[in-house]
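We use all heavy atoms of the structure for the numbers below, so side chains are in, but hydrogens, waters and symmetry mates are not.
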Protein chains: 4
Amino acid sequence: MPTALQVQNPQLGGRERILVAATELFAQSGYHATSIRDIARAVGVTVGAIYAHFASKSEILLTAYAQGVERVIKAVDDATATADEPWERLEAACRAHLDLLLYAGGLAQVVVRVQPDDVPDAAADLVALRDRYEKRFRAIVSELDLAPHIDRRLFRLTLMGALNWSKTWYRPGGTDTATIARQIVETLRHGATTPQAAP
Amino acid sequence: MPTALQVQNPQLGGRERILVAATELFAQSGYHATSIRDIARAVGVTVGAIYAHFASKSEILLTAYAQGVERVIKAVDDATATADEPWERLEAACRAHLDLLLYAGGLAQVVVRVQPDDVPDAAADLVALRDRYEKRFRAIVSELDLAPHIDRRLFRLTLMGALNWSKTWYRPGGTDTATIARQIVETLRHGATTPQAAP
Amino acid sequence: MPTALQVQNPQLGGRERILVAATELFAQSGYHATSIRDIARAVGVTVGAIYAHFASKSEILLTAYAQGVERVIKAVDDATATADEPWERLEAACRAHLDLLLYAGGLAQVVVRVQPDDVPDAAADLVALRDRYEKRFRAIVSELDLAPHIDRRLFRLTLMGALNWSKTWYRPGGTDTATIARQIVETLRHGATTPQAAP
Amino acid sequence: MPTALQVQNPQLGGRERILVAATELFAQSGYHATSIRDIARAVGVTVGAIYAHFASKSEILLTAYAQGVERVIKAVDDATATADEPWERLEAACRAHLDLLLYAGGLAQVVVRVQPDDVPDAAADLVALRDRYEKRFRAIVSELDLAPHIDRRLFRLTLMGALNWSKTWYRPGGTDTATIARQIVETLRHGATTPQAAP
DNA sequence: GATGAATGAGACTTCATTCAT
DNA sequence: TATGAATGAAGTCTCATTCAT
């Protein structure tokens with residue numbers, strides 16, 4: 001008696017199906033508001049079945065989080081692989097970041113929505129994962145030709161904030177991610193008062 | 001046997017004391033991770049006593065949230081009252097925003113930490129409150145002399161994201177809020193590649 | 001809507017009633033085989049109500065255990081207060097020990113039935129309590145005129161074992177506790193091969 | 001990937017290995033505190049594998065218990081086979097009993113640690129097994145030249161209690177089992193006030 | 001024989017909330 | 001206003017057991 005979800009993803013193993021559902025729920029509602037029951041219901045199994053695959057709720061979160069980070073890293077790496085010019089690389093990275101953050105069923109939203117403090121058990125690991133990802137952006141930012149008075153760290157954090165905050169206001173059907181990424185980078189590069197540069 | 005908090009704020013009524021404690025806890029741990037018991041313990045009263053002042057947990061949150069919004073609005077209004085030049089007004093507003101967000105015991109952090117979806121009962125009200133505050137920034141931004149190709153809404157959201165994200169990385173003792181505000185606004189105005197303008 | 005138990009002990013507070021029921025259940029079935037539900041059902045309240053009085057299952061056990069030890073100590077103290085002759089004092093102590101162990105609704109049975117290892121949380125405290133009681137017997141035994149080749153510690157442990165084992169085989173209506181105590185002490189004093197001493 | 005235990009007992013079949021592990025765990029932690037998972041983990045197999053050999057948890061316990069009883073009976077029979085004098089036979093039996101109870105990895109401890117009531121399914125069988133063993137001691141005691149006023153049943157139960165209680169206080173490295181057995185029997189025979197008899 | 005996934009019941013505990021006092 | 005006891009639902013997790021492979 002396969003459930004809807006099983007039919008939907010017939011090829012996925014039990015562990016994967018749990019992870020998919022959990023990732024989405026954690027991204028939508030946060031860690032505390034998502035119960036193991038919720039996850040079990042979404043997958044179509046008993047609560048006990050969850051524990052055949054994961055030792056604890058925090059382990060599920062950690063696994064989902066790690067997977068999310070890994071995929072964003074890969075997406076950013078892929079996106080930047082084809083560009084040479086530093087600002088182009090940055091824009092490509094932002095576009096990839098937004099795509100995963102806003103579209104793909106919570107894949108990366110977990111990373112933004114769940115705060116390490118929410119999961120004491122896994123806090124240290126979560127921070128480490130988050131750092132791994134930030135290193136990517138640190139590298140990209142380090143190649144930019146910023147004016148000397150600009151604090152590169154603060155520049156990067158400003159960018160990350162601008163990007164991640166989009167989860168708060170973005171609605172499908174509105175401005176697309178490519179456009180969002182372009183304007184954010186464009187503004188941070190030349191400022192909002194400078195007339196548009198020739199393409 | 002008055003608790004530390006009671007001694008600290010001897011002039012505050014029961015309702016106020018609950019609100020102070022709740023604000024801080026909600027800001028630190030979020031809505032779901034904060035229990036009525038936590039609040040009662042922090043205030044030094046019984047759980048039942050809380051219900052003499054508030055009808056429900058969501059009402060406490062809503063009240064704290066509203067208070068937070070009110071204070072940020074007032075802080076921003078005060079800060080912008082003394083400046084005429086639009087970009088100066090913006091920077092003053094950002095400084096005030098950061099001050100409340102980062103320093104003052106969670107006064108404004110609730111607004112950033114708690115998402116309307118966390119509290120179905122009060123979601124609509126929370127959104128309305130958030131909007132009230134955003135209107136302030138919308139007004140300030142509308143006075144800016146932005147280049148015509150800049151989407152003012154996206155500009156504002158970029159700024160808000162940059163500011164609010166600071167809660168994630170800010171540590172007391174590091175760069176002060178005035179400096180943070182100045183660089184963020186500077187960057188958004190002239191871009192990070194433009195040599196510094198004369199003060 | 002008072003339950004049978006409430007009617008039975010109308011004067012007891014909630015905490016006391018829980019303790020009475022828990023003591024009996026722990027004594028009968030042991031720590032692990034007794035669930036909070038069992039206790040709640042015996043008292044006639046909800047499971048949650050238990051937690052208004054005790055922080056955890058182990059705290060209930062610890063409290064019951066402590067109460068049991070306290071009462072046995074008091075019983076032994078009372079029983080030995082009226083006797084001067086060391087062997088009479090010992091016999092009186094044994095009689096008191098057996099009375100509480102075998103008759104009074106588990107009051108002291110907890111101490112014998114539950115092993116410290118069963119309750120990791122409280123193991124240290126349980127051992128300390130058990131020691132407090134054993135000190136009583138150590139004192140009484142130290143006054144006896146034992147032959148020099150007798151190890152007093154082993155003598156005491158032999159006695160305690162003989163007494164406590166009675167919980168295993170004792171059935172109401174059989175030999176009464178006074179007789180049991182007399183013969184055990186008699187045998188340990190003069191041996192089972194010596195013809196009975198004149199009373 | 002054989003586990004330590006498998007290497008340790010390479011000749012044992014699956015059933016035997018389960019029994020060895022279960023015996024030790026039941027003896028150490030009791031019936032309720034030992035889970036099938038614990039046993040499986042100790043043996044190094046899956047939970048399901050246990051059910052290829054035993055129909056239920058209580059069946060494992062019953063088998064382990066029966067094995068324990070059988071071995072103690074055999075040990076006592078062997079020990080008493082070489083002695084003729086009744087008190088010597090008793091002392092030899094006690095020594096054998098203590099050896100199995102205190103040393104050999106729980107072989108006989110199960111019998112003392114697990115109470116029939118703990119396992120409703122097997123309670124009757126457990127009592128029957130316990131009785132089989134007690135018959136041995138009943139026989140040995142019946143040969144003793146006790147004074148007429150001594151209740152032989154109570155004498156035997158006193159002895160069993162003294163012996164079994166040792167599990168509570170015995171620590172390896174302290175008094176050895178032979179000495180313990182000698183003093184207990186000596187005390188029960190001649191009393192603790194009688195100067196030592198010539199060997 | 002053995003595995004791994006699953007079940008359904010039940011474990012302890014915490015939650016928001018109510019209410020008589 | 002405030003307390004303390006109680007409720008009922010829900011939380012995470014473990015249990016003995018089953019069964020297709």
Selection [range] - residue pairs positive for salt bridge (charged side-chain N to carboxylate O under 4.0 Å, His left out), sequence neighbours left out:
{"range": "residues 27-39 of chain A", "result": "A:Asp38-A:Arg41"}
{"range": "residues 107-126 of chain D", "result": "C:Arg113-D:Asp118, C:Asp118-D:Arg113"}
{"range": "residues 42-52 of chain D", "result": "none"}

Can you list everything that forms a side-chain hydrogen bond (donor to acceptor under 3.5 Å, both in side chains) with [X]? Sequence neighbours excluded, please.
{"X": "C:Gln67", "answer": "C:Arg71"}
{"X": "B:Ser56", "answer": "B:Ser58"}
{"X": "A:Tyr31", "answer": "none"}
{"X": "C:Arg15", "answer": "none"}

Bend angle of the helix from E:dA2-F:dT21 to E:dT21-F:dA2, end axes from five pairs each (to 10°): 10°
With sequence neighbours excluded, residues passing salt bridge (Lys or Arg N to Asp or Glu O under 4.0 Å) with C:Glu70: C:Arg132
Please give me every residue in residues 54-66 of chain B whose heavy atoms get under 4.0 Å of an atom in DNA chain F, ordered by residue number.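 Of all residues in residues 54-66 of chain B, none places a heavy atom under 4.0 Å from DNA chain F.
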Under 3.5 Å, which N/O atoms of the protein pair with N/O atoms of nucleotides 1-5 of chain E?
unit_1 : atom_1 : unit_2  : atom_2 : d
E:dA2  : OP2    : D:His53 : NE2    : 2.6
E:dT3  : OP2    : D:Thr46 : N      : 3.0
E:dT3  : OP2    : D:Thr46 : OG1    : 2.9
E:dT3  : O5'    : D:Thr46 : OG1    : 2.9

Give every donor-acceptor pair under 3.5 Å between a side-chain atom in residues 18-30 of chain C and any protein atom, sequence neighbours left out.
unit_1  : atom_1 : unit_2  : atom_2 : d
C:Thr23 : OG1    : C:Leu19 : O      : 2.6

